[in-house]
Each structure stands twice: as C-alpha cells, then as structure tokens.
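Down below is the structure, laid out as structure tokens.
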Amino acid sequence: MPKEGKGTDLVFKAMADPNRRKVLDLLFSQNGQTLSQLCEELEMQRQSATQHIEILINANLISVVWKGREKLHFINPVPIYEVYERWVRKFEANRLGFLHDLKVQLEGDNHGTT
C-alpha cells in the first residue's frame, strides 16, 4: 500500500474549500495570473484571497514566478494527479462512469440543488 505523507493531507485540506477550488479553476483556465487578476473573479477581499492562495502554495498546488515586479501564480497539477493515482484510479472507471451517469440522471440539470 502506498505511503501517505503530510503533503497529501495539505492537498486534501487545500482542496476542501470551494474558494480554493475556484482559484485552481481560474488558474486552469488561464495560468500565470497575478493576485489582482485572481481577485477580480473572487468574491472576497484581497487579504482573504491571499490567505487562500498561501494555503494552495503550501500544499504545492500553486507555484509562484516573479516576472519583474509581478508575482505570477501557476497551477501545479502534480499533487492532484498523485491524489488521483492513490485514491481514484484504483476504482474501476466503468463503475464510476455508470454511477456518475446515474447520479446526473436522477438529479437532473440542477445537480441536486434546489
């Protein structure tokens, strides 16, 4: 059985928050954004966004590159892939696909929300 480390715990903790997942989605759609660019899409104060981004950096989900005076944020997909390999891949894709299709069919377009 594969070993788990503190890094995996940090990844799960970081991805548990919907605001941090939104940051990852934003970087997935346009990698290399500044804090100001990210804050334009987030419904929170700059200080709160900075705290969320720091958690993602500590979990190694975001890397930072300085370009002159600009601090650019880039998504690092490797920790997500490692979680996938350890926790998702071992389940059969066919069964997961069937369950997902069934869930969508039962919940409809609103994904179970009212």
Side-chain angles (χ1 to χ4, degrees):
M1 184 169 277
K3 280 188 169 184
E4 288 186 51
K6 186 177 180 183
T8 302
D9 290 342
L10 292 174
V11 171
F12 275 110
K13 178 182 176 187
M15 292 183 67
D17 186 275
N19 293 305
R20 293 191 283 268
R21 291 192 303 269
K22 183 170 183 177
V23 170
L24 293 174
D25 286 338
L26 291 170
L27 291 175
F28 179 79
S29 66
Q30 182 186 345
N31 218 0
Q33 295 187 56
T34 64
L35 178 60
S36 296
Q37 290 171 314
L38 291 169
C39 285
E40 287 176 10
E41 300 296 324
L42 299 171
E43 298 173 8
M44 64 182 74
Q45 298 294 320
R46 187 178 179 96
Q47 183 178 6
S48 297
T50 300
Q51 291 173 346
H52 284 293
I53 290 169
E54 283 301 316
I55 290 170
L56 291 166
I57 290 170
N58 290 335
N60 200 26
L61 290 166
I62 291 180
S63 59
V64 174
V65 174
W66 285 92
K67 183 178 177 184
R69 292 176 31 176
E70 284 188 323
K71 183 178 180 181
L72 303 177
H73 301 87
F74 293 87
I75 191 168
N76 177 13
V78 174
I80 297 170
Y81 179 75
E82 290 171 346
V83 167
Y84 167 79
E85 281 292 311
R86 170 68 175 94
W87 291 101
V88 178
R89 189 169 188 218
K90 65 183 173 183
F91 299 101
E92 291 180 297
N94 290 340
R95 283 198 276 176
L96 286 176
F98 172 76
L99 290 174
H100 172 71
D101 293 345
L102 181 61
K103 178 181 180 283
V104 169
Q105 183 181 11
L106 293 173
E107 292 178 351
D109 290 333
N110 62 2
H111 304 292
T113 59
T114 55

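One is the number of the first residue; the rest follow in order along the sequence. Only this structure's heavy atoms are used, side chains among them; waters, hydrogens and symmetry mates stay out.
Checked options Ile55, Ile53, Asp25; the residue passing with Arg20 is Ile55 (criterion: side chain to side chain contact (heavy atoms under 4.5 Å, CB included)).
Taking CZ from Arg46 and CG from Leu38, the interatomic distance works out to 10.0 Å, rounded to the nearest 0.5 Å. Remark: Glu43 CD to Ser48 OG distance equals 12.5 Å, nearest 0.5 Å. Rounded to the nearest 0.5 Å, atoms CG (Leu24) and CD1 (Ile75) are 4.5 Å apart. Here the straight-line distance linking atom OG of Ser63 with atom CG of Leu56 works out to 11.5 Å at 0.5 Å rounding. Once rounded to the nearest 0.5 Å, the distance linking CD1 of Ile57 with CG of Leu10 reads 13.0 Å.
The main-chain N or O of Met15 is found under 3.5 Å from a side-chain atom of Arg21 such that the two form a donor-acceptor pair. Side-chain atoms of Asn19 never come within 3.5 Å of backbone atoms of Ala49 as a donor-acceptor pair (strictly under, hydrogens ignored).
Linking ILVMFWY residues whenever their side-chain heavy atoms come closer than 4.5 Å, directly or via other members, leaves Leu61 and Val65 in distinct clusters.
Leu27 and Phe74 get closest at one heavy-atom pair: CD1-C, 4.3 Å. For the pair Pro79 and Ala59, the tightest heavy-atom approach, listed with the atom from each and the gap, is CG-O, 4.1 Å. Heavy atoms only, all atoms of each residue included: Trp87 and Thr8 are closest at NE1-CG2, 4.5 Å.
No side-chain heavy atom of His52 sits less than 4.5 Å from a side-chain heavy atom of Lys22. Counting heavy atoms from C-beta on, the side chains of Val64 and Leu72 never come closer than 4.5 Å. In this structure the side chain of Lys71 never reaches within 4.5 angstrom of the side chain of Leu35, judged on heavy atoms. Residues Val23 and Ile62 have side chains in contact (heavy-atom distance under 4.5 Å, counting atoms from C-beta outward). Residues Leu26 and Gln37 are not in side-chain contact: their nearest non-hydrogen atoms beyond the backbone lie 4.5 Å or more apart. Side-chain atoms of Val78 and Asn60, non-hydrogen and from C-beta on, never get closer than 4.5 Å to each other.
Within 6.0 Å of atom CZ in Phe98, 12 or fewer heavy atoms from other residues, nucleotides or ligands are found, so the atom counts as exposed in its surroundings.
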